[in-house]
Amino acid sequence: MKALSVLVKSLREQWRDIWTLLLTLASSPFFVLVYWMFFGGGSTTYGVLVLNRDAGTELPDGTVWNAGADIIRALKENVTYEDGQSMLDVEFASSRKDAEKQLKDREAAALLIIPEDFSRSLLDGEVESSMVTIVGDLTYTYYSIAAVLTNAALDGYLQSFSDQPRPVQVTEDALGGSGARTEFEMYVPGMMIFAVMMLIYQASM
């Protein structure tokens, strides 16, 4: 009963002090507007590291073809905003260990690993045996976007070799323990910040 009385009392005070109530309710749309002003212009780029292990393969005319290099070119040129600006900042990775360190430091959003026999598998038509790996922190917002964009560019390139919907296996490797976290664990920090933000006007007044 005491808790109910406190709740009723607080609701009455909120209704009487209408300005505090309006400021509290308006704070969330205000911060959404501020966020849109900073990031709504479509200028965000997502860092993608590429570890190209593809050894390439020799074509009938004697030239060497590297499909991994073609994929890197597709990531740079085919994933753009309407104004032509690239959405992905593609860089080469020297090793998986160094790349994972960059992912942990948030210097990049995702790592794409192209296997050694990638070109040969595509040329021989054995696309099902080839496996591409995407590594990243599953709790990082930028990773989700970067992984989707990378997948889209990869699919677009591979459609020229096969009419299958998923001609190459793409596996996702979670960085650290990010794959074991639940949705609740990911949402709680944001909910706590939101709760504190809602109390700013009431506490100050």
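For the numbers below, each heavy atom of this structure counts, side chains included, while hydrogens, waters and symmetry mates do not.
Between Thr80 and Leu88, every side-chain heavy-atom pair lies at or beyond the 4.5 Å cut-off. Within the 4.5 Å cutoff, side-chain heavy atoms of Val132 are placed close to those of Leu112.
Heavy atoms only, all atoms of each residue included: Ser86 and Thr45 are closest at O-CG2, 3.4 Å. Of all the heavy atoms in Tyr140 and Ala108, the pair that sits closest is CE2-O, 4.2 Å.
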Problem - Audit row: Asn52, Asn66, side chain to side chain contact (heavy atoms under 4.5 Å, CB included) steps and yes/no - result: CA-CA 10 Å; Asn52 185 16; Asn66 190 295; 3.4 Å; yes
Exercise for the section: Could you walk me through whether Leu138 and Glu172 pass the side chain to side chain contact (heavy atoms under 4.5 Å, CB included) test, one step at a time? Expected result: CA-CA 9 Å; Leu138 303 188; Glu172 188 175 55; 3.8 Å; yes
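Within a 6.0 Å radius of CD in Glu107, other residues, nucleotides and ligands contribute more than 12 heavy atoms.
Scored by the side-chain contact (heavy atoms from CB on, under 4.5 Å) test, Ala146 finds Tyr46, Val48, Ala109, Ala110 as partners (sequence neighbours excluded). The salt bridge (Lys or Arg N to Asp or Glu O under 4.0 Å) check on Asp105 picks up Lys101, with sequence neighbours excluded. The side-chain contact (heavy atoms from CB on, under 4.5 Å) test applied to Leu59 returns Asp61, Thr63, Trp65, Leu123, not counting sequence neighbours. Legend: residues meeting ring-ring contact (aromatic ring centres under 6.0 Å, His included) with Tyr143, ordered by chain and number and at least two apart, are absent. The side-chain hydrogen bond (donor to acceptor under 3.5 Å, both in side chains) test applied to Ser119 returns Asp54, not counting sequence neighbours. For Arg96, the salt bridge (Lys or Arg N to Asp or Glu O under 4.0 Å) test picks out Glu100, Asp173, with sequence neighbours left out.
With a 6.0 Å cutoff to the six-membered ring centre and a 45° limit on the axis angle, Arg53 does not count as a cation-pi contact of Phe118.
Lys104 has no carboxylate O lying under 4.0 Å from a charged side-chain N of Asp137, or vice versa, which leaves the two without a salt bridge.
Separation of atoms CZ (Arg120) and CD (Glu116) is listed at 11.0 Å; rounding is to 0.5 Å. To the nearest 0.5 Å, atoms CG (Asp117) and OG1 (Thr57) are separated by 10.0 Å. The CG atom of Asp98 lies 11.0 Å from the CG atom of Leu103; values are rounded to the nearest 0.5 Å. The CG atom of Leu111 sits 9.5 Å away from atom CG of Leu175, with the distance rounded to the nearest 0.5 Å. In this structure, Asp70 CG and Leu122 CG are separated by 9.5 Å, a value rounded to the nearest 0.5 Å. Atoms CD1 and OG1, on Ile145 and Thr44 in that order, are 8.0 Å from each other to the nearest 0.5 Å.
Using modelled atom types, one finds a donor on one side chain and an acceptor on the other under 3.5 Å when comparing Thr133 with Thr171.
Side-chain heavy atoms closer than 4.5 Å link hydrophobic residues (I, L, V, M, F, W, Y) into clusters, and following such links, possibly through other members, connects Phe92 to Val90. Note on Ile71: it does not cluster hydrophobically with Val64, by side-chain heavy-atom contacts below 4.5 Å among ILVMFWY residues. Transitive grouping of hydrophobic side chains (ILVMFWY, heavy atoms separated by less than 4.5 Å) brings Leu75 and Tyr81 into a common cluster.
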